Amino acid sequence: QVQVVESGGGLVQAGDSLRLSCAASGRTFSSYTMAWFRQAPGNEREFVAAIKWSGTSTYYADSVKGRFTMSRGNIKDTVYLQMNSLKPEDTAVYYCATESSRYRNKPSQSPSDYDVWGRGTQVTVSS
């Protein structure tokens, strides 16, 4: 069974940090881009960050660039999202996902190109 499971969300104050984790199983995830998306109430799901299947490149939405860092863990098929200087507008459910195509040269920022999703983890940032 192919699945991804997120963890690490919570309630923090503006300016604080959180680290989200995503553990994947059931597929050779080292062949696929993995990404984080988020969705706030009333909003569409939006791209946050992605790491290329090779682990050599990362991509970020402009809104989080310089504050968030995505990385692959030493544990196989685990990725992290380190979130610093959190803002109230970062409040959302954060989802981990894996791209449907292997070895894509540049990760997609469209949710429709990702076929395995976790259930999400809530991040709430108070002002």
Side-chain angles (χ1 to χ4, degrees):
Q1 181 181 0
V2 180
Q3 63 177 1
V4 294
V5 179
E6 307 94 338
S7 61
L11 171 63
V12 296
Q13 293 187 333
D16 285 351
S17 299
L18 273 177
R19 189 176 81 156
L20 305 183
S21 300
C22 172
S25 60
R27 176 186 282 181
T28 306
F29 285 94
S30 57
S31 303
Y32 297 84
T33 287
M34 296 190 72
W36 289 95
F37 290 79
R38 66 187 181 186
Q39 188 166 18
N43 290 356
E44 294 186 351
R45 193 164 297 188
E46 65 174 2
F47 171 81
V48 175
I51 188 164
K52 191 174 177 178
W53 57 269
S54 59
T56 55
S57 300
T58 50
Y59 304 83
Y60 300 96
D62 288 342
S63 59
V64 306
K65 203 170 293 183
R67 299 188 298 122
F68 290 11
T69 302
M70 186 173 182
S71 61
R72 284 192 182 272
N74 291 328
I75 300 173
K76 185 181 177 182
D77 296 333
T78 301
V79 294
Y80 302 101
L81 184 68
Q82 177 66 42
M83 305 186 296
N84 298 331
S85 302
L86 282 161
K87 304 175 181 180
E89 51 263 45
D90 295 318
T91 295
V93 177
Y94 283 71
Y95 297 91
C96 179
T98 180
E99 209 165 21
S100 57
S101 300
R102 295 197 305 171
Y103 304 125
R104 187 189 288 264
N105 186 47
K106 185 175 180 181
S108 170
Q109 298 188 12
S110 172
S112 63
D113 288 325
Y114 292 78
D115 65 340
V116 180
W117 293 83
R119 293 187 175 183
T121 185
Q122 177 71 46
V123 172
T124 303
V125 185
S126 63
S127 56

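Everything quoted here is computed from the prediction, not taken from an experiment.
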- Message: Quick one: does any side-chain atom of Thr121 pair with a main-chain N or O of Glu6 as donor and acceptor, under 3.5 Å?
- Response: no
- Can you list the steps and then say if Cys96 with Val79 is a side-chain contact (heavy atoms from CB on, under 4.5 Å)? CA-CA 9 Å; Cys96 179; Val79 294; 4.2 Å; yes
- Begin with the C-alpha distance, continue with both residues' side-chain angles, and end with the deciding distance and a verdict on side-chain contact (heavy atoms from CB on, under 4.5 Å) for Met34 and Arg72. CA-CA 9 Å; Met34 296 190 72; Arg72 284 192 182 272; 4.1 Å; yes
Indicate the atoms forming the closest heavy-atom contact of [X] with [Y], along with that distance.
{"X": "Ala14", "Y": "Ser127", "answer": "CB-CA, 4.4 Å"}
{"X": "Lys52", "Y": "Arg104", "answer": "CE-O, 4.0 Å"}
{"X": "Gly26", "Y": "Val2", "answer": "O-CG2, 3.3 Å"}
{"X": "Trp36", "Y": "Ser21", "answer": "CH2-O, 3.6 Å"}

- Item | Output field: ring centroids Trp53/Tyr103 closer than 6.0 Å | yes
- Message: Check for me whether the distance between the ring centres of Phe37 and Trp117 falls short of 6.0 Å.
- Response: yes
Heavy-atom check, side chain of [X] versus side chain of [Y], under 4.5 Å:
{"X": "Leu11", "Y": "Gln122", "result": "no"}
{"X": "Thr69", "Y": "Tyr60", "result": "yes"}
{"X": "Asp113", "Y": "Ser101", "result": "no"}
{"X": "Tyr32", "Y": "Asp115", "result": "no"}
{"X": "Phe47", "Y": "Pro111", "result": "no"}
{"X": "Met83", "Y": "Tyr94", "result": "yes"}

- Query: Do you know which of Ile51, Val64, Val48, Leu20 makes side chain to side chain contact (heavy atoms under 4.5 Å, CB included) with Met70?
  - Reply: Ile51
- Would you please test Phe68 and Leu86 for side-chain contact (heavy atoms from CB on, under 4.5 Å) and show each step? CA-CA 9 Å; Phe68 290 11; Leu86 282 161; 3.9 Å; yes
- Task: Answer yes or no for Arg119 and Tyr95: cation-pi contact, defined as NZ/CZ to six-membered ring centre under 6.0 Å and angle to ring axis within 45°.
- Result: no
Spacing of [X] atom [atom1] and [Y] atom [atom2] [to the nearest 0.5 Å]:
{"X": "Asp77", "Y": "Ser25", "atom1": "CG", "atom2": "OG", "answer": "8.0 Å"}
{"X": "Asp16", "Y": "Ser126", "atom1": "CG", "atom2": "OG", "answer": "8.0 Å"}
{"X": "Lys65", "Y": "Thr58", "atom1": "NZ", "atom2": "OG1", "answer": "10.0 Å"}

- Item | Pair Ser110, Ser108: side-chain N/O donor-acceptor within cut-off below 3.5 Å | no
- Same cluster or not: are Val116 and Val93 linked, directly or through other Ile, Leu, Val, Met, Phe, Trp or Tyr residues, by side-chain heavy atoms under 4.5 angstrom apart? no
- Query: If you look only at pairs with a residue in residues 81-93, which of them pass as a side chain to side chain donor-acceptor pair (under 3.5 Å), with sequence neighbours excluded?
  - Reply: Ser17-Asn84, Arg38-Asp90, Arg67-Asp90, Gln82-Asn84
- Message: For a side-chain contact (heavy atoms from CB on, under 4.5 Å) check, start with the C-alpha distance between Leu18 and Val123, then their side-chain angles and the critical distance, and finish with the verdict.
- Response: CA-CA 9 Å; Leu18 273 177; Val123 172; 3.9 Å; yes
- Residues in ring pair (Phe, Tyr, Trp, His ring centres under 6.0 Å) contact with Tyr80, at least two apart in sequence or another chain: none
- Query: Should the heavy atoms of other residues, nucleotides or ligands under 6.0 Å from CG of Asn105 be counted, would the total exceed 12?
  - Reply: no
